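Down below is the structure, laid out as structure tokens.
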Amino acid sequence: MQIRVTVLGPGVADGVDVAISAPAGTPLSAVVGSLASAVSPGGSAPGAVFCEDRRLDPARCLLGQPPLVDGAVLSLHRPLEGPGAEPVPARLLVASGPDAGGVHLLRGGTATIGRSADADIPLDDPDVSRLHCSLTLGSDGTIAVADLGSTNGTWLDGRPVRERPVLLPPGGILRLGESALRVLTADERPAPPALALGGPPALPTTRPVEPGAPEPGAPDEPPPTRVQRRVGLGGWGRRSGGRPPQAPPAGEPAEAAPAARVAPAEESRWPDLAALLLLAVESGPRLWERGPDSPDAYGVRLGTAQSPADGLPPVTVSLPAVGSLGLAGPRERITGLARAVLAQLAGLHPPSALELVVLAPGRAEEWSWLGWLPHTRPARGQDCRLLLGFDDEQAAARLRELAEIERPPAGAAPRRRSVVLVDGPLSAPAAGQLARLAAEGPAAGVHLLCLAETPPATPSSPVAETLDAARAAHPAFASCGAVGLLSGAVATAVRLVGPDGRPGQPASADAVSPAWVERFARALAPLREDGAGGGPGGGAAPGAAPLPESCRLLDVLELSRVTPGALRERWAAGTELPVVLGVGERGPVWFGLGEARDPLLVEGGPRSGRTEALNALAASLAATHGPRELSLLLVEGAGEGLAPSAELPQVASYLGATDPVRIRAFAQALRGELKRRALLLGGTAFAVGTAGGPGGAAGMGDDGRGRGEGRGRGEGRAEGPGRFGRFGDEIAPAGGELAEGRVVAPRSGGEPLGWGGAQDAGPEPAMRAPGSAPLPWLVVLVDDLPALVSPPLGAPGRQAAGSMLRALDAVRREGPALGVRLVLAGGPPAGDDPLRLASASRLLLAGAPLGRAELRTPDGARTPVQTGRITGRIPRTATLRPTVTRLDWARLGDPPARRPVRELGNGPTDIALLASAAARAASTRETASATPV
């Protein structure tokens with residue numbers, strides 16, 4: 001497990017980004033000293049650790065669980081300003097303009113707005129006066145706006161505002177220069193929910209702000225140091241207020257503003273950047289709402305039309321329609337516009353529908369914030385830690401990976417698209433590849449976002465000349481289907497030039513600051529999709545992690561130390577039949593085998609980890625139920641891959657498909673067990689503890705005479721409680737011994753549990769009256785199903801394949817009502833589907849990396865999972881201490897440093913540890929049950 005956090009410490013002018021690698025369940029106390037050393041080498045361990053203003057208990061807070069998730073900001077020794085619980089009467093949102101995205105909390109009183117640092121709400125807009133206007137929040141909830149003698153004036157819904165205060169109607173739009181502002185009261189928008197520590201932050205506590213006193217963490221004012229802009233996610237809202245309300249002069253009531261204009265549908269389709277920030281920090285319902293089939297998928301707004309009387313009509317561009325998008329203008333302005341475009345893509349599209357790739361050699365400091373986004377994690381097997389290219393070698397690797405993306409079939413749209421940020425000069429070979437990618441990539445779902453530094457389009461630099469300068473600065477510009485060209489004397493307007501070369505009307509360009517976008521990216525860092533598909537109804541949730549390349553099943557089961565006592569506790573609590581398959585994006589992935597009415601299929605090609613997954617299923621079942629409650633039947637279609645699981649005490653039989661006589665006997669015994677269970681249950685529903693025969697699979701026998709089977713090849717007896725025998729010449733019922741022609745079941749508590757009458761020669765076993773022992777779950781696990789039921793010509797088991805097929809079909813039909821479940825590996829046989837497995841749940845193994853799979857259930861759900869590893873020896877990495885390393889963002893595009901998993905050569909395998917502990921747990925359990933009280 002690995003998480004990335006930022007650590008702040010005393011006497012450090014800048015925060016430190018670190019990566020923490022540790023086994024799952026590691027407490028914060030294991031890395032506190034390393035965190036202090038990362039901030040200040042040689043420093044002492046901190047006396048306290050805070051996440052914002054809340055003190056953490058290092059012994060109880062676990063790494064990887066909220067609040068210690070990706071993007072967290074930790075402070076050593078002292079708390080930071082954190083979220084507050086007081087209600088917020090109103091919020092001012094900067095909906096559009098050069099400093100878009102700001103969210104300011106209005107607590108009451110009068111707040112000034114302007115370009116000056118002396119303003120309570122500063123705006124980075126050159127067309128805004130130093131002190132432009134003021135907002136007054138009255139005690140009755142009314143909001144009044146007044147102009148403060150600005151140069152360019154203040155407009156409210158298309159009408160000018162003078163020095164006399166004007167009441168702001170609900171939904172009213174204020175225009176100051178190129179900026180558009182909205183005020184939302186608590187009545188207009190529900191208050192944000194109370195949020196747990198580590199999730200999306202609640203609104204911060206506010207306090208009056210003296211004019212001229214700068215505040216760290218304001219989303220609209222880049223602070224001078226990274227420490228200030230990393231105050232924590234709780235500090236994303238700007239506190240505004242200060243002076244008491246200024247009532248209008250006596251006899252001059254505030255003017256009433258025009259009636260509120262109804263926002264057009266286009267505005268709701270394209271949320272502004274302030275609303276986008278609220279979506280990220282509050283995990284709003286529209287976060288990641290656009291799947292690949294959404295009508296507005298992969299579209300972004302560049303700004304809003306400059307029409308004071310017509311609301312905020314968005315100026316938008318669709319990447320699938322234009323192919324690639326170029327942005328040209330002065331660097332300090334186009335980077336803000338590019339940040340806004342990338343933030344919209346990341347906030348509205350889930351990682352399953354969009355990946356972001358960065359090609360920006362030498363500009364890691366400027367674009368490292370993209371590394372917090374889950375969209376930059378490799379999901380197609382790319383050989384890197386993040387999809388970043390901050391030098392020529394990394395850029396070349398990213399271009400090769402993009403060139404390998406296959407085009408979808410004719411007429412089909414790509415299910416996942418890649419947006420590539422291109423900023424900075426590339427080598428000659430890379431520039432040539434990029435030009436080809438710009439021309440051919442859109443057909444495969446690859447779209448470029450190219451930045452070119454040029455002067456703004458003005459009368460002295462016409463549009464045509466500016467476009468020529470952009471194309472000369474960047475060869476890929478010639479292939480961009482649309483260009484956003486910054487214009488105006490201060491480059492705060494944008495003109496969209498389409499494929500026909502005609503520039504559109506100037507619009508107010510939307511741009512965001514570095515502080516805003518880092519806060520936005522950190523809010524998305526710990527989020528993952530609830531569903532694999534994303535899109536509408538998908539949503540996001542905090543606290544998850546990407547799939548590992550491998551996982552140890554005992555760690556997923558929280559059995560790193562396997563002891564008989566721990567197993568007995570689990571067995572005592574187990575009633576259902578849950579199976580842990582491995583680890584997913586949000587923790588362990590479980591499958592309810594007891595609730596499933598159809599078999600579970602484990603499918604995958606050679607070397608995909610199919611047999612290992614089947615062993616892991618057996619081990620998972622054995623960890624939740626003891627031999628009294630569970631019997632396992634292992635059947636091999638070919639080879640001996642399930643041999644490691646045969647040591648589990650829950651295993652009643654282990655059969656290899658090498659002898660048709662044994663296969664027929666097994667099939668007959670299995671069908672006999674179904675009949676026995678049906679008679680014992682008498683039509684009642686199965687439940688663990690239902691009175692029946694003895695524990696294990698004691699009712700299974702091929703006939704009333706009950707022949708015995710040995711543990712090894714040719715051995716003439718059966719051993720162990722609940723055993724069904726292994727590799728013997730014939731089948732014995734549940735560890736029964738051959739005694740004078742009749743079956744005696746294994747003893748429990750010193751008393752015989754025999755069920756069979758010895759002399760019955762009929763095909764069905766004789767039965768005792770119910771009540772002698774509870775019926776256990778019976779799970780049949782079959783590996784290599786096609787080789788078992790449809791073996792090739794000359795195979796030893798071909799003569800008995802029909803008997804086995806009929807027995808498995810009977811289990812499929814009758815087993816769900818009798819407590820018998822079926823797990824099949826290898827997929828249905830070739831040709832038709834004799835077992836009718838079309839509606840079964842499937843665990844599909846991809847094979848790269850080994851054990852990577854997807855669980856598909858009949859309801860259409862798809863869950864990615866890394867299946868557990870159980871047959872390997874104890875890994876040396878399991879004994880390593882947690883590590884803390886500083887993050888070098890410029891190197892995260894390199895291939896990861898891989899350390900091969902080295903096993904302890906003289907240690908037991910994980911499944912051997914589990915089998916040994918389970919045998920001791922079962923033995924002590926039987927002894928305890930036999931001891932008089």
Side-chain angles (χ1 to χ4, degrees), residues 1-8 14-21 51-52 63-64 66-74 101 198-201 217 219 222 226-227 229-236 273 276-277 279-283 287-288 335 338-351 354-358 360 363-379 384-390 419 421 512-529 540-546 585 885-893 896:
M1 178 209 63
Q2 185 179 89
I3 60 172
R4 296 170 297 164
V5 301
T6 298
V7 186
L8 307 176
D14 199 1
V16 176
D17 297 330
V18 299
I20 305 175
S21 300
C51 185
E52 296 175 356
L63 299 174
L68 300 177
V69 294
D70 271 335
V73 180
L74 306 180
R226 293 176 66 193
V227 172
R229 77 169 183 259
R230 288 179 171 174
V231 166
L233 292 180
W236 60 266
L273 290 158
L276 192 67
L277 178 62
L279 285 180
V281 299
E282 297 174 3
S283 292
L287 184 65
W288 292 351
T335 52
R339 288 190 290 262
V341 169
L342 294 169
Q344 291 178 67
L345 289 169
L348 297 175
H349 301 83
L354 171 73
E355 74 173 6
L356 296 177
V357 183
V358 181
R363 290 172 176 168
E365 182 67 23
E366 196 163 6
W367 298 108
S368 62
W369 63 270
L370 285 164
W372 295 107
L373 296 174
H375 304 72
T376 58
R377 295 188 177 97
C384 60
R385 286 175 285 180
L386 294 175
L387 300 177
L388 308 177
F390 289 139
V419 175
L421 171 69
V512 293
S513 67
W516 184 97
V517 80
E518 183 170 332
R519 187 170 299 108
F520 170 83
R522 284 177 177 273
L524 294 185
L527 303 186
R528 300 294 182 272
E529 297 169 72
E585 294 177 339
T885 57
R886 286 200 178 205
L887 279 178
D888 183 359
W889 291 101
R891 306 263 45 97
L892 291 186

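Note that these values count all heavy atoms, side chains included, but never hydrogens, waters or copies made by symmetry. Given the structure is predicted, the values throughout are model-derived calculations rather than measurements.
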task: Over all heavy atoms of both residues, which pair between P67 and A72 is shortest? Give the atoms and the distance, please.
output: O-CB, 3.4 Å
field: Inter-residue atom distance S513.OG - E518.CD, 0.5 Å rounding
entry: 10.0 Å
- request: Determine yes or no for a side-chain-to-main-chain donor-acceptor pair under 3.5 angstrom, with R385 supplying the side chain and P896 the backbone.
  value: no
message: So L287 and L527, do their side chains get closer than 4.5 Å, heavy atoms only?
response: yes
- prompt: For the residue pair P514 and R339, what are the closest heavy atoms and their distance?
  reply: CD-NH2, 3.6 Å
- prompt: Which atom names give the shortest non-hydrogen contact between V512 and A340, and what distance separates them?
  reply: CG2-N, 3.7 Å
statement: Closest heavy-atom pair, L356 versus A346, reported as atoms and distance to 0.1 Å, is CD1-CB, 4.3 Å
- request: Identify, with sequence neighbours excluded, every residue that meets side chain to side chain contact (heavy atoms under 4.5 Å, CB included) alongside A19.
  value: Q2, R4, T885, L887
- line: Separation between CD (E366) and CH2 (W889), nearest 0.5 Å, reads 15.5 Å
message: Can you confirm whether F520 sits close enough to L342 that some side-chain heavy atom of one is under 4.5 Å from a side-chain heavy atom of the other?
response: no
Residue pair G893 / C384: nearest heavy atoms and the distance that separates them: O-CB, 3.4 Å
query: With a 4.5 Å limit on heavy-atom distance, are the side chains of L388 and W367 in contact?
result: no
message: Working note: T376 + E355, criterion side chain to side chain contact (heavy atoms under 4.5 Å, CB included); need CA distance, chi angles, decisive distance, verdict.
response: CA-CA 6 Å; T376 58; E355 74 173 6; over 6 Å; no
query: Which value, rounded to the nearest 0.5 Å, describes the distance between D17 atom CG and T6 atom OG1?
result: 3.5 Å
- prompt: Does the ring centre of W516 sit less than 6.0 Å away from the ring centre of W369?
  reply: no
- request: Would you indicate whether the side-chain heavy atoms of W372 and L524 approach each other to under 4.5 Å?
  value: no
message: Distance check, rounded to the nearest 0.5 Å: I20 atom CD1 versus L74 atom CG?
response: 7.0 Å
- line: When rounded to the nearest 0.5 Å, the distance separating CG of L63 from CG of L68 is 5.5 Å
query: Can you tell which of L370, V357, V419, L354 makes a side chain to side chain contact (heavy atoms under 4.5 Å, CB included) with H375?
result: L354
statement: Shortest non-hydrogen pair, R522 vs V73, comes out as NH1-CG2, 3.6 Å
Sub-4.5 Å side-chain heavy-atom contact between V5 and V18: yes
